[in-house]
Amino acid sequence: MNPNSEAESQSTNSSMSISENLKSLLNTIPKDVTLVAVSKTKPIPALMEAYHAGQRIFGENKIQEMESKWQEMPEDVEWHMIGHVQRNKVKYMAPFVSLIHAVDSLKLLKEINKEAEKNTRVINCLLQVKIAEEDSKFGMSEAEALTLLNASEVEELHHVKITGLMGMATFTEDTKQLTHEFQKLKKFFDAHKNTYQFTTLSMGMSGDYMLAIANGSTMIRVGSAIFGERNY
Ligand SMILES: *Cc1c(COP(=O)(O)O)cnc(C)c1O
């Protein structure tokens, strides 16, 4: 054995495997919270390890990467697009995507509807609402989200279904601030869930999912806590 491979096997032994990470995560969250395993940048064998441990929902943030993984992974995987979506790329995921988390305009919703219709599908979508204090590029204000939800044109989009909301908190360890941001979205969600028949509130990532759940999240998007750190 050369010294390098010995060092490598030691570091693997000292860290938990993907399936162990997944199992301990699932043991800490309530059964009615849905886990999206965020597999962006990770290779197929890593996804397959999670798959063999029972995980079926995977999240990606690049459409082309998701499409190629869809072709390689078993058919019963549910694919969630969690990243910002460019309209000209919707067609590549329309045949198979099961939930799009970050819809932030009527134009995008119309494009998704058009491509879903071509595939005779109804695609579930979440509206991304801005909750972070830092001025993030993506997502709508609450007022913009309501304008979209009330737009008469939306009623004619029979191939999309808005099933809830998604939010990304500030990248911080400040629990007070995170709590405030999650509570704000939860309040908005509760105020409108009956009117628009929302079922899903997507918030919480590796660093803050317990806090997100404590504040009403029904769907968490967790990457590095399952698959390890990403090397971009
Ligand atoms: C990458 C990503 C995640 C997961 O991030 P981790 O910190 O690795 O859990 C969740 N949501 C979105 C939108 C992401 O882009």
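Please read these numbers as outputs of a predicted model, since none were measured by experiment. Below, all heavy atoms of this structure are taken into account, side chains as well, without hydrogens, waters or symmetry copies. All residue numbers in this chain count up from 1 along the given sequence. All ligand and atom numbering here is 1-based and tracks the order in the structure.
- For ligand 1, the atoms sitting less than 4.0 Å from at least one non-hydrogen atom of Val222 are 9 (O), numbered in the order shown with element in parentheses.
- Between Lys114 and Glu111 there is a salt bridge, since at least one side-chain N of the basic residue sits less than 4.0 Å from a carboxylate O of the acidic one.
- Contact atoms of ligand 1 toward Arg221: 4 (C), 9 (O), 10 (C), 11 (N), 12 (C), 13 (C) (distance under 4.0 Å to a heavy atom of the residue).
- Every atom of ligand 1 is numbered from 1 in the order shown, and the set under 4.0 Å from a heavy atom of Met168 is 13 (C).
- Side-chain contact check for Ser19 and Ser17: at least one donor-acceptor pair (N or O, by modelled atom type) lies under 3.5 Å.
- Under 3.5 Å, the side chains of Arg230 and Ser224 contain no donor-acceptor pair of N or O atoms.
- Among all non-hydrogen protein atoms, the one lying nearest atom 13 (C) of ligand 1 is Ile82 O, 3.5 Å.
- The two atoms that bring Cys125 and Val160 nearest to each other are SG-CG1, 4.3 Å, heavy atoms only.
- With hydrogens left out, the protein atom closest to atom 9 (O) of ligand 1 is Ser206 OG, 2.5 Å, a heavy atom.
- In summary, the side chains of Asp104 and Gln128 do not present any donor paired with an acceptor at a separation below 3.5 Å, with no hydrogens or angles considered.
- Looking at Gln86 and Lys89, their side chains do bring a donor and an acceptor atom within 3.5 Å of each other.
- For atom 5 (O) of ligand 1, the nearest protein heavy atom (residue, atom name, distance) is Met205 CE, 3.6 Å.
- Among the atoms of Gly223, some N or O lies under 3.5 angstrom from an N or O of ligand 1.
- With distances taken over non-hydrogen atoms, the option nearest atom 14 (C) of ligand 1 out of Gln128, Lys40, His101 is Lys40.
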